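These notes concern the structure reproduced below.
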Protein chains: 2
Amino acid sequence: MPDHTYTISQLASEFDVTPRAIRYYEDRGLLNPARAGQNRIYTFRDRGRLYLILRGKRVGFSLAEIGEMLDLYDLDDGQVGQASAVLEKVQRRIAILERQKQDLDQVIFELRNDSRKIEVFLQANSGPIKFEMPMPAGTDPEYLEHPEAAAE
Amino acid sequence: MPDHTYTISQLASEFDVTPRAIRYYEDRGLLNPARAGQNRIYTFRDRGRLYLILRGKRVGFSLAEIGEMLDLYDLDDGQVGQASAVLEKVQRRIAILERQKQDLDQVIFELRNDSRKIEVFLQANSGPIKFEMPMPAGTDPEYLEHPEAAAE
DNA sequence: TGTATAGTTTACGTTTACGTCAACGTCAAT
DNA sequence: ATTGACGTTGACGTAAACGTAAACTATACA
């Protein structure tokens, strides 16, 4: 299977993207498929890179950022020029991703609550739904107890 | 504190965005600050909405999607027209977010590995670093044992 | 009174990530 | 021989999310 190759539309349909998108990734230097004459031929490794590209996209990376990360993975062939610089970048990226994960957890939590409330509403079919508007950090805790005290 | 109001630049510096961005969110219907003559005045609630907008952005929502979610939070005043339609949307969104979270976890895990390896390298200062290229689902497990068998 | 500061609108520019033709090559099958 | 099916390279279009002046207003302060 690893020595298998793929056409552009095979990969496109497997990963549910358009051939145009895949060619675009090549334009941006994220892929470098071999050619059979004029046609692109994708190796197993190319497929792996495409997988990483799409996963990177799903978590919000730009193609440029994904490119840097792929370069990282390509460093395995020797010359780790500025390892400490790379280290810094990777660690900054990890910090960003962890904040993102916290945000994600919170959003999921809130949406679950909303979902549950809507379900209850659909069962009871009566009364308005009360969603919660989360307060930003730094909110006076006293406000949470007596919100109606706030004159608008 | 809840009756406090904010100028555009106060919110901009607090949340580290430009006034231009905040006005743009208003253009897209995500904010509706009051006016003092010509100038915008943001209430505590407006600030909360801005907070939600930015958090939504961090997890990859488009402004249009964020707008829908904010509308969801505004449903608290009665009329839940198509609660079941909303429910569907919310649940689809949850599913997407959970996949995103899995991707995020995996990316973080891999970056941690890379980071650790770079650190070890910087200590030992010898030998090339071996990063791991994760395989997409469907990879022949046998390949993982004998990758060199793949002739390129 | 003048200037600095903060806000406003209008409008055009920019980047990213593709979509969408158009025009063409190639190979297999009818 | 021609018709698809699949591939290619331009080239232009587009939506999103702002950036960046330009020109103006209003308030504050020395």
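Predicted model, so just to flag it, every value in this text is computed and none were measured. The analysis underlying the following values was restricted to heavy atoms, covering all of them including side chains, and did not include hydrogens, waters or symmetry mates. Residue numbers begin at 1 in each chain, while the letters A, B, ... track the order of the sequences.
A close approach under 4.0 Å does not occur between any side-chain nitrogen or oxygen of Thr18(B) and OP1 or OP2 of dC18(D). Neither OP1 nor OP2 of dA6(C) sits under 4.0 Å from any side-chain N or O of Thr7(B). At dG7(D), one or more side-chain N or O atoms of Ser9(A) fall inside 4.0 Å of OP1 or OP2 (strictly under the cut-off). Here Arg23(A) reaches the OP1 or OP2 of dT8(D): one of its side-chain N or O atoms lies under 4.0 Å away.
Val107(A) has its side chain within reach of Met69(B): a pair of non-hydrogen atoms, C-beta onward, lies under 4.5 Å apart. With a 4.5 Å cut-off on side-chain heavy atoms, Leu50(A) and Tyr42(A) do not count as touching.
Between Glu68(A) and Arg93(A), no side-chain nitrogen of the basic residue sits less than 4.0 Å from a carboxylate oxygen of the acidic one, so the salt-bridge criterion is not met.
Judged by closest nucleotide on DNA chain D, Ile41(A) is the one of Ala64(B) and Ile41(A) placed further toward the 5' end.
Judged by distance alone, the side chain of Gln100(A) and the main-chain N or O of Gly60(A) form no donor-acceptor pair under 3.5 Å. A donor-acceptor pair is defined here as one N or O able to donate and one able to accept, closer than 3.5 Å; no such pair exists between the side chain of Asp105(B) and the backbone of Gln102(B).
Contact between Arg112(A) and Ile94(B) at its shortest, heavy atoms only, is N-CD1, 3.8 Å.
Checking dT8(C), dG19(D), dT8(D) against the side-chain heavy atoms of Gln38(B) singles out dT8(C) as nearest. Distances were taken from every side-chain heavy atom of Arg20(A) (C-beta onward) to each of dC6(D), dT8(D), dC18(C); the shortest belongs to dC18(C). Nearest nucleotide to the Leu63(A) side chain, out of dA17(C), dC6(D), dT8(D): dA17(C). Residue Arg35(A) has its side chain nearest to dT8(D) when only dC18(D), dA17(C), dT8(D) are considered. Comparing dC18(C), dA17(D), dG7(D) against the side chain of Lys57(A) picks out dC18(C) as the nearest. Closest to the side chain of Ile8(A), from the set dA17(D), dA11(C), dG7(D), is dG7(D). Picking from dT9(C), dA17(D), dT16(C) the nucleotide with the shortest atom distance to the side chain of Arg40(B) gives dT9(C). Here the nucleotide nearest the side chain of Tyr25(B), chosen from dT8(C), dG7(D), dC18(D), is dC18(D).
Look at CG on Asp27(A): it is 11 Å from C1' on dA17(C), rounded to the nearest Å. The distance between atom OH of Tyr6(B) and atom P of dG7(C), rounded to the nearest whole Å, is 15 Å. Rounded to whole Å, atom P of dC18(D) lies 10 Å from atom CD1 of Ile53(B). Rounded to whole Å, the distance from CG on Leu50(A) to C1' on dC18(C) is 15 Å. If you take OH of Tyr24(A) and C1' of dG13(D), they are 14 Å apart, rounded to a whole angstrom. The OH-P distance, from Tyr42(A) to dC6(D), rounds to 16 Å in whole Å. Asn39(B) has its CG atom 11 Å from the P atom of dA28(D), to the nearest Å. Between the CZ atom of Phe61(A) and the C1' atom of dT16(C) there is a distance of 16 Å, given to the nearest Å.
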